[in-house]
Amino acid sequence: MLHRFILLVGILLFTFSCGKEEKRECNGICTEEFRSISVELTNAEGNPVVLDSIALRDITNNREIDLNSTENAGNGFYSIFNDNLVPEYKNEEINLLFKGFQEENLILEQEYKVGADCCHIYHVSGPLEIQLD
């Protein structure tokens, strides 16, 4: 009788645990560092490519992303995602479209996959170094 009870409890636990997504809970302990994902743009000679403007779009949710262009200092490095977005994208991964412009002409369009856990952002896919010809 005890064996049947243990078997029944095991089956019930197995049944109710299957098919449910595990919620990732934050343990409340995050580092104080500020993370940012940046893309380095260079030309064929290896010199930095300076863009006049960039546009970032969350194509998963069809929303524009504004990171404040002050992060892009004109040295060929362009921030595409940072920890300021953790509250909005907590425990999500999104597809992000990065567009670069010079004199209002689109010269670069690149897709990335990025995400955020409960503390920081992270890079999933997409080149972080791009050489433009």
Side-chain angles (χ1 to χ4, degrees):
M1 182 74 174
L2 181 60
H3 293 321
R4 287 183 184 170
F5 177 73
I6 291 173
L7 181 61
L8 178 63
V9 169
I11 290 171
L12 287 174
L13 287 175
F14 180 75
T15 302
F16 288 111
S17 67
C18 289
K20 290 185 180 179
E21 270 189 42
E22 179 183 319
K23 282 191 173 184
R24 292 185 283 177
E25 295 296 326
C26 188
N27 64 10
I29 302 172
C30 297
T31 61
E32 291 293 321
E33 69 185 310
F34 183 82
R35 294 185 188 173
S36 180
I37 299 170
S38 295
V39 176
E40 180 183 17
L41 302 179
T42 57
N43 61 19
E45 292 80 37
N47 297 318
V49 172
V50 178
L51 300 173
D52 295 332
S53 64
I54 66 169
L56 298 166
R57 182 174 236 0
D58 166 359
I59 53 180
T60 301
N61 300 305
N62 197 28
R63 293 186 289 202
E64 293 295 321
I65 294 177
D66 182 16
L67 287 182
N68 297 325
S69 59
T70 56
E71 284 193 40
N72 303 312
N75 59 1
F77 286 89
Y78 298 91
S79 181
I80 62 168
F81 209 62
N82 67 35
D83 276 351
N84 286 336
L85 298 168
V86 169
E88 186 174 348
Y89 292 102
K90 181 179 177 179
N91 294 328
E92 282 187 56
E93 286 187 355
I94 63 164
N95 292 310
L96 176 71
L97 184 62
F98 169 59
K99 293 182 179 182
F101 300 89
Q102 285 181 336
E103 298 175 5
E104 298 184 19
N105 296 315
L106 177 67
I107 65 162
L108 171 68
E109 191 172 65
Q110 181 65 52
E111 193 170 322
Y112 292 87
K113 186 167 197 137
V114 294
D117 58 23
C118 60
C119 295
H120 297 290
I121 52 93
Y122 56 89
H123 171 257
V124 178
S125 65
L128 298 178
E129 297 175 5
I130 299 174
Q131 181 180 330
L132 299 173
D133 297 322

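The figures here come from the full heavy-atom set of this structure, side chains too, leaving out hydrogens, waters and symmetry mates.
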Do [X] and [Y] touch side chain to side chain, with heavy atoms closer than 4.5 Å?
X      : Y      : answer
Ile121 : Val114 : no
Tyr78  : Val49  : no
Phe81  : Ile65  : yes
Lys99  : Arg57  : no
Glu93  : Tyr122 : yes
Ile130 : Gln110 : yes

Distance (rounded to the nearest 0.5 Å) between [X] [atom1] and [Y] [atom2]:
X     : Y      : atom1 : atom2 : answer
Asp58 : Glu92  : CG    : CD    : 7.5 Å
Glu40 : Asn75  : CD    : CG    : 8.5 Å
Arg63 : Ile94  : CZ    : CD1   : 7.5 Å
Asn47 : Thr42  : CG    : OG1   : 8.5 Å
Glu45 : Gln131 : CD    : CD    : 8.5 Å
Leu56 : Leu97  : CG    : CG    : 8.5 Å

Of all heavy-atom pairs between [X] and [Y], which one has the smallest distance, and what is that distance?
X      : Y     : answer
Leu67  : Ile80 : CD1-C, 3.4 Å
Asp133 : Ala44 : OD1-CB, 4.4 Å
Ser79  : Ser38 : CA-OG, 3.9 Å
Leu96  : Ile59 : N-CG1, 4.2 Å

Whether over 12 other heavy atoms sit under 6.0 Å from Glu104 CD: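 No, the 6.0 Å shell around CD holds no more than 12 heavy atoms from other groups.
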
When you look at Arg35 and Asp83, which way does the salt bridge (charged side-chain N to carboxylate O under 4.0 Å, His left out) test go after all the steps? CA-CA 6 Å; Arg35 294 185 188 173; Asp83 276 351; 5.3 Å; no

With sequence neighbours excluded, what pairs up with Asp52 under the side-chain contact (heavy atoms from CB on, under 4.5 Å) test?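 Testing Asp52 for side-chain contact (heavy atoms from CB on, under 4.5 Å), a comparison that skips the adjacent residues, returns Gln102, Glu103.
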
Can you tell me if the gamma sulfurs of Cys119 and Cys30 sit closer than 2.5 Å?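 The sulfur gammas are closer than 2.5 Å, so yes.
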
Hphob cluster co-occupancy, Phe101 + Phe98, side-chain heavy atoms under 4.5 angstrom: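 No: no chain of side-chain contacts under 4.5 Å links Phe101 to Phe98.
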
